[in-house]
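Comments concern the structure below.
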Amino acid sequence: AQSVAQPEDQVNVAEGNPLTVKCTYSVSGNPYLFWYVQYPNRGLQFLLKYITGDNLVKGSYGFEAEFNKSQTSFHLKKPSALVSDSALYFCAVRDMGSNYQLIWGAGTKLIIKP
Amino acid sequence: NAGVTQTPKFQVLKTGQSMTLQCAQDMNHNSMYWYRQDPGMGLRLIYYSASEGTTDKGEVPNGYNVSRLNKREFSLRLESAAPSQTSVYFCASSEALRPFGYTFGSGTRLTVV
């Protein structure tokens, strides 16, 4: 069965330190992978996507993600965290049985402490 | 500002009551979606509309109906609300039916008591 896992409910990072939010997936074929961010009382906002090409994808707000096919992972990273990065982060993968539906992870709450 | 607007932002219903969640987008997008978001779970697709005049069921359509009123508006109706429908509901739109490029509204927090 297709699935997306975000193994950490919450990640705590000190401001200025690098951050990683983990995502692993299970789909057959070549995955389309996405990261979205949800700030409090706001809708989800697109951060970045991987469809094909370079395994390191750069996105909005200084975030990047590394696609690792052998480990079926798509971890979100940022070299230096900001307090304003505190939010809920969702990983998603295209449903291979559909050309439009996404399978979403449960989300990871990122807390950046000053 | 261009985007997706949802109303209301908050709503409390009694079991058995009905209500309609409204969604409007001003980006000239063809496709629109309704999702629900529950704690500890990812978003789940309720219904979607590939283009004006068409609607289709998503992953969790039971207990809901939708109307694509025109290109801009896509409403979600709960005919007889149940506590299991307590959730945060998000509307989204995209240029075409595809798995990326979504713009989301800010959500409706619905509680059914």
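Only a predicted model underlies this, so the values are computations on that prediction, with no experimental measurement involved. Each chain gets a letter, A, B and so on, in the order the sequences are listed, and its residues count up from 1.
- In this structure, Leu43(B) and Trp104(A) approach most closely via the heavy-atom pair O-CD1, 3.3 Å.
- Counting heavy atoms of neighbouring residues, nucleotides and ligands inside a 6.0 Å radius, atom CG of Asn68(A) exceeds 12 of them.
- Heavy atoms of Ile103(A) lying under 4.5 Å from chain B are absent altogether.
- The environment of CZ in Arg77(B) is crowded: more than 12 heavy-atom neighbours from other residues, nucleotides or ligands sit within 6.0 Å.
- In this structure the side chain of Phe104(B) never reaches within 4.5 angstrom of the side chain of Phe46(A), judged on heavy atoms.
- Only the side chain of Tyr36(A) comes within less than 4.5 Å of a heavy atom of chain B; its backbone N, CA, C and O stay farther away.
- Applying the 6.0 Å contact sphere to NZ of Lys71(B) captures more than 12 heavy atoms from other residues, nucleotides or ligands.
- Within 6.0 Å of atom CZ in Arg44(B), more than 12 heavy atoms from other residues, nucleotides or ligands are found, so the atom counts as buried in its surroundings.
- Across every non-hydrogen atom of Gly40(B) and Ala106(A), the tightest pair is O-CB, 3.2 Å.
- The choice from Lys49(A), Gln45(A), Gln6(A) that makes the most heavy-atom pairs within less than 4.5 Å of chain B is Lys49(A).
- A 4.5 Å side-chain heavy-atom check between Leu44(A) and Tyr102(B) finds every atom pair outside the cut-off.
- Using a 4.5 Å cut-off between heavy atoms, Leu33(A) makes no contact with chain B at all.
- For Gln37(B) and Gln38(A), the side-chain atoms include at least one donor-acceptor pair closer than 3.5 Å.
- Between Leu102(A) and Leu45(B) there is no side-chain heavy-atom pair separated by less than 4.5 Å.
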